[in-house]
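See below for the structure under consideration.
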Amino acid sequence: MTEKKFDPVIVGFFCNWCTSAAADLAGTSRLHYPASIRPIRVMCSSTVDPVYLVRALQEGADATILGGCHPGDCHYITGNYKARRRVAIVKTVLKSLGFDETRVLLEWISGSEGPKFARVMNEYTDYIKKRGPSDFKYLDSLGGEKVD
Amino acid sequence: MKYTITKDPHEDERVQKIIEISGQNIFSCYQCGRCSSGCPMAEFMDVLPNQVFMFLQEGDVDTLLNAKTPWICAACFTCTVRCPVGLDLAAVMEAIRELQLRKNYDYVDPYKVEDREELPPIAMVSNFRKFTP
Amino acid sequence: MAMKRIGLFVCHCGRNIAGTVDVERVVKEISKREDVAFATHYIFMCSQPGQQLIEDSIKKYNLDGVVVANCSPTLHERTMRNAAARAGLNPYRVEIANIREWAAWPHEDNPEAATRVAIRIVNATIEKLKANASLHPLEVPVKKRALVVGGGVAGMQAALDLADAGIETVVVEKEPSLGGNMIRLSETFPTLDCPQCILTPKMNDVGGHPNIKLYTYSEVEEVDGYLGNFKVKIKRKSPFIDWNKCTGCGECAKVCPTTLPSDFDLKMATRKATHIPFEQAVPFKYTITYNGVPPCNAACPLHLNAQGYVAAAKAGRFDRSIDVVWERLPFAGIAGRICTHPCESACSRGAIDKPVGIREVKRFVADWAVKNDRKYILHVKGEKEKSVAIIGAGAAGLIAAHDLREMGYKVTVYDKLPVIGGMLAVGIPPYRLPQEVIDYEVQPLIDASVEFVLNYEVNEKNFEEIRKKYDAVILAIGTHKERHLGIPGEEKAMHALELLKKANLGEDVDLKGKKVVVIGGGNSAVDAARTALRFGGDVTIAYRRTRNEMPAIPEEIVDAEEEGVKFKFLVSPAEILDGKIKLEKMKLGEKDASGRRKPIPTGEYEMMDADVVVLAVGELPDASWAEKLGINVERNRIKVNEFMQTSLQNVFAAGDAVTGAWDWVHAAAYGRWAAKNVAHYLEGEEMEKVQIEMSSNLRGYKELAYPAKRHETKKLGMEERRTTFKEFNLGYTEEDVVDEAKRCLGCGGCAKCGLCVEVCESKAIDLHMQDWYVEEEVGAIIVATGFEVMPPEAFPELGGKYPDVLNALQFERLLAPAGPTEGIPRRPSDGKIPKAIAFVHCVGSRDPQNGVPYCSRICCMYTIKQAMLVKHARPDIAVYDFYIDIRSNGKGYEEFYHRAKEEYGVNFIRGKVSKVYKVGDRYRVQGVDTLTGRIVEVDVDMVVLATAAKGSSSVKELAKKLRIPYDEWGWLKETHLKLKPLETPVGGVFIAGAAQFVKDITDSVSQGSGAAAKAMALLSKPELEKEPLLARVDPEICAGCGRCKDQCAYGAISIDPVRHVAVVNEALCEGCGACSANCPTTAIQVVNFKKGQIIRAVDVLAEVF
Amino acid sequence: MGKKVMFYPGCTLKGVAKNLEDSTVESARVLGYDLVELPGWTCCGAVYGLAQDSVKFTIANVRNLIKAQNFGKEIGDNRLLAVCSMCYNNLKRAHIDVMKNRDKLKTLDLFMDEEANYEGNINVMHYLQFLKNDVGMDKVAEMVKKPLKGLKVAPYYGCLLLRPDEVAIDDREDPHILEELFEILGAEVVDYPLKNECCGSYHTVDKKEIVGERTYKLVSVAKGMGADVIATSCPLCFFNLDKRQEIAKQKHSEFEHMPIVYFTQLMAIAFGLTSQDVLHFDKHYISPEEVLQKWL
């Protein structure tokens, strides 16, 4: 795959109240962003267990993005603050294990920020393209566990 | 009194240059006028500070290059600290002066300064720094 | 468990989806899955035939799960779920795959990619769906009552609408009356109705409505519970008046001597400490404002109610004033003469000019009582058998004797002197404290059978006997031993105590024409010097530091100087010779422990003529005998524990003997504590730790400080002062004392002088009333806490510190017909009617750098209204209105603006003012007219600043209790600005009026009604339906660690103490899932968003292909 | 010997503002501090450059800061005192500028390859801040020998002590530090509303008529408030308010002269330092001698 174009895989966890709505708005506004983004809706950014992020990286994603409401705006009062703490921990752990912690991104995108949603998706994809594929997914020892 | 806008002021190179030198987004001015009303030098100006921003927002840099105002501003920062949107007006005035000075233009001639003996050195240093290239 | 017969329905959405996504390929791809029993596509799934297709397929293929691939779930999730339900499938077994907004539209430039994303999204959705459980909405019971917080116009509207609908409503208002900001207004735009006319009927309705329970002067303290079932604890602040008894007659306010700035009039007027905010107040009940213990009272070691007796004196009620003193202290005359007055040092007035002459007020009322034959009577509260001996009839001994006798003990006081008073009698010269005063004030003790045994010296010989005879003993033996300097020739010197004792006992000392040098800088040095002067001496005080460091009372030093005492500073005695004294020169060094600069010897000497040298270098207790009896003595002082108890258990000690030579008030304070603990000891109760100090951070009302110098007392003629021992300070006159008392700034609010209690016929006033709490259960809460405007002081450049520069709400009071100036604007500084007024818009608003970023919305209109009202009241007042933009976007608003401009002659100038400053007694407004491009200056007499509005300052506290969000400016956050402006994220909590954002009356009233309707809709159901997508605990694997509990923002999780597992209160849970992400064992999961479901979806999404 | 603190006098104090330098150094000596002149200091540039793309105004100041860094290590103190408002403003802004903008610092460090790099720990202080925060107003009060009782002083801050915000030594709209000092010196302080307005600054070189008008306004208002003197800390304000009264008088015949002093001169007088070697009244156009006679 020497000269082959690198198309990253980015799993996006979007909270139901802000970032999902922003994604809807970006779509409705026909704002384009790369198909690298593979979205899933969650109720709140705080519901995203660090395991989800790691799992995505393990299973082949080159990056993950977590979108929540702006600080102070959380539908669930303080969920986004909890998410912020969790992401910080994931990043620290990744870094200390020698992995690229910038492959986890936390962004505050409110329901009215369709353009921002598209911009973040574009910029982050470009960024990950520059970084190249993640080496995390090639770690056999961290192979995915069975889930029932 | 008529001015024809021929080009989107946002695209005007000299406006952009002023934004670049001053580091200020001149388009955030909403014309409250507080800069002018607080300006100790305003009564000596031909274009009020708030009008400077309107000229820039309309892309009319020529008027400003020919105006006395940028050379009358004393960089006292009264407008800067009171501006509701946080514009550093003194920096914008400096940028307009710079457009001239960088063409090797002397606004004052050091040889023509009177009472040079009694003027404090800081007066001359600051004057020349502001008004000569 | 997992679904095996899933149906997929892909929608074309016309060309919206199908134009980009290859729907057939999606169907084909998904059909390959084993768990998919049926897959199809259709042009409009949301249409009737589309829904029918789903219903039919469910039945036909016996589907156990459905994925509809169409648009955002916010649009048609409910539609599809209902369709499934009609076909008998549990609606929670339907999931939406959003392939329109998330695949077709963002990738419409790349159909191939869009199709692949769509397939992936559908696959992920199926993975999630597979483990979905069948769920049923929860039902929550509802308490059919409501709470409205805030009694302004929005809150009242909401309360009335609810009450009219038959819902019992509790209204909580923090002020004593309903009305909010609106009742402060003069008139309202654009109709020019007066709030008194249109709001008071509403207030009365609220006050009298059978379905409304009104708590004014109250605050929400705690909120518990959830949607439909809130428990609210309400703090009822003590008005110190029983409102059930108060008739609103106002007699209390008539006699109240304490004037405070009116909070209702925003300091534009004053009011009494007991007050009704305004004439139409609802409820019409009086409230006493009490801020707490004032600094004077706190600083007094005896905690006399100084503000109280000063207040009564202010009213000319000297009888009441002396009673207030007597509540804590029988020795008013002594204290009034010699106290070192810590009260005055703490007095707030001192920060402005000089403290109030508190001591002299007390002195005056004590003398007044003597003159008017009002005697203090010691009332013994029930005779007791036990007896106490007190050794020493000085400051500490006397108060201990008084207190113990009052408690009923038999008290005997022993003293070695022939007179009562100890150091008061022999240490303080008679020109400061005549013996008659002591005798007069001790008489009530004697009348109440306190036994005094004089000329009786207690020592090691007779002490044990006394100790056996009495149940307890207090040693208050004072400091009657001279300290020695240890310099050569000291034996030639006289000691200050010796000199003072002779003077006090009427002996003569011949010092005529002699040069007297007094060594020392304390009170006894000054006393000795002035005494020697009266004996005819030529007196000099020699002190080793400077005047600044002298510990004597400063005014006594001044008195001494006036009388002719000379001072010599920075010298220390080295040797006393015949007729001379050798002094070593000193200089000042660094500060020592006492905070005074230390004298340092220089090694240089000088000689001074001295026929008599008087040493006043300190006194010590003579406690050597006590030490012999086994009482611990340290550094010559009797050692006591924190209860004033000595090492012998029934022996207590107090006063200078314990603290070392100090002053009367501290000796008395410790004496009182000794007495208190003796009583505890005798009754076998726990003793109390001595606590002399108390602090008060109250600082009086500066605005009450009209210029008034401290009054000086009358003094005896100088000739008599120099030659006789007659009392030299004659105290205040009757006029002076009243005038002086008026200088008090009323730090504590109500002074508790008790004048109102006397006049209240219905006996409603209780100055000891405490705050209390009530609990209410409600189903819905409406928050209508309103707004505040920034104070003018926040804008010094606009002259905010000047008295005639007001904010608009203050000016509103001046325009109000019932306001302090009866609707004619007058300058607060001098009461003059202004000739010109300037209004400044956008002060702090639209100014993210210096204030708030938003437009305060109402200012343009109220400023125009105020300008108009000024013109109404006085057409000759010129009005200048400096604005940036006139925002008149309401019904009739623009027309109103034009009337001001066209008919009323208001001058509008477009440009923001940058500076306002005083020129003479007018104010120069430095503005600009941005339209003509000129600087505009105008001199006016008043300036009104339209300052930015912010949320009510107490709202943040309340919001935290309710768990509703707010922004940095204090506005409460609605769920959705456009579509859910009345709701909050917390179910059952609604917001109305300016609590959400500043708004005018029209909008506030509408919102009040709107919020009431929302609450009614909620309360109209007997039970509430709730989405069942909530957290659930698997008790089998829950470890009970509690980490989920810490994560829950709703307090929905608790740990079952018995089973030691987490339990979710389903009524409180909102289903965010914060708990599940933190659970180390995956025991707590949100139903249908389980970890396994998400991970399977993630696996599909992350997979590379 | 008092405690040593670094002092940046600036060019003007060495000539026309000798009265400012000597009264500062001597008043500090009374308070127990030795103001040691920063060895090898160079001109501060008087005005700070506002163009974003230029570093020329920062170089000299950073060089001064580096010198202070070296000398500070020698005397064991990192405070660099300035009393001229312009010097203070420039040094402080340069410090803040390079601290905020590390790239700029890097460029400068590279440019000045002879010197050590600036470490950023020099505490640039105005003498007033030093009095208030380090010496303590109590200590100042202690040293007052001749309280200036009855002298009405209009405190004048001008621009550069208060603006821009990041260098302000006090509230920019309602400063009180001079007021506090003068009250401690026993003087009566006039509530002077124009205390933070510009004097016309460097326009005194080529547009002295404008400065004359400013002086007319500033002095007349102070007079109207009943002030006997205006006290300032900036040699340029001092020059404009003092010397340009000549023009004010020519233009406005009703104009009344008023002496201008440095706040440090008032300190010196209150401390009993009345020698002309400290006060240099010959440096004043309008002599303050008559107004201050009582305390000299």
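Naming convention: chains lettered A, B, ... in sequence-line order (proteins, then strands); numbering from 1 in each chain. Note that the structure is a prediction, hence the values are computed from the model and not measured.
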Exercise for the section: Establish, yes or no, whether a centroid distance under 6.0 Å links the rings of C:Phe997 and C:Tyr854. Expected result: yes
Exercise for the section: Flag the pair C:Tyr897 / C:Phe908 as yes when their ring centroid distance falls below 6.0 Å, and as no otherwise. Expected result: yes
Exercise for the section: Could you tell me which portion of C:Arg910 (side chain, backbone, both or neither) has an atom closer than 4.5 angstrom to a non-hydrogen atom of chain B? Expected result: side chain
Exercise for the section: Sort out for me which of C:Gln926, C:His841, C:Lys915 touches chain B most, counting heavy-atom pairs under 4.5 Å. Expected result: C:Gln926
Problem - Near-ring test C:Tyr880/C:Phe839, centroid separation under 6.0 angstrom - result: no
Problem - Engaged part of B:Gln51 at the chain C interface, taking heavy atoms whose separation is under 4.5 Å - result: side chain
Completion exercise
Bottom line for B:Val81: the part with an atom under 4.5 Å from chain C's heavy atoms is backbone
Exercise for the section: Please look at B:Cys35 and chain C and tell me whether the side chain, the backbone, both or neither of the residue comes under 4.5 angstrom of a heavy atom of that chain. Expected result: neither
Exercise for the section: Check whether any side-chain heavy atom of C:Asp941 lies under 4.5 Å from a side-chain heavy atom of C:Arg827, and answer yes or no. Expected result: yes
Practice task
Mind running salt bridge (Lys or Arg N to Asp or Glu O under 4.0 Å) on B:Asp106 and B:Lys112 for me, showing each step along the way?
Solution key: CA-CA 12 Å; B:Asp106 280 310; B:Lys112 288 189 185 147; over 6 Å; no
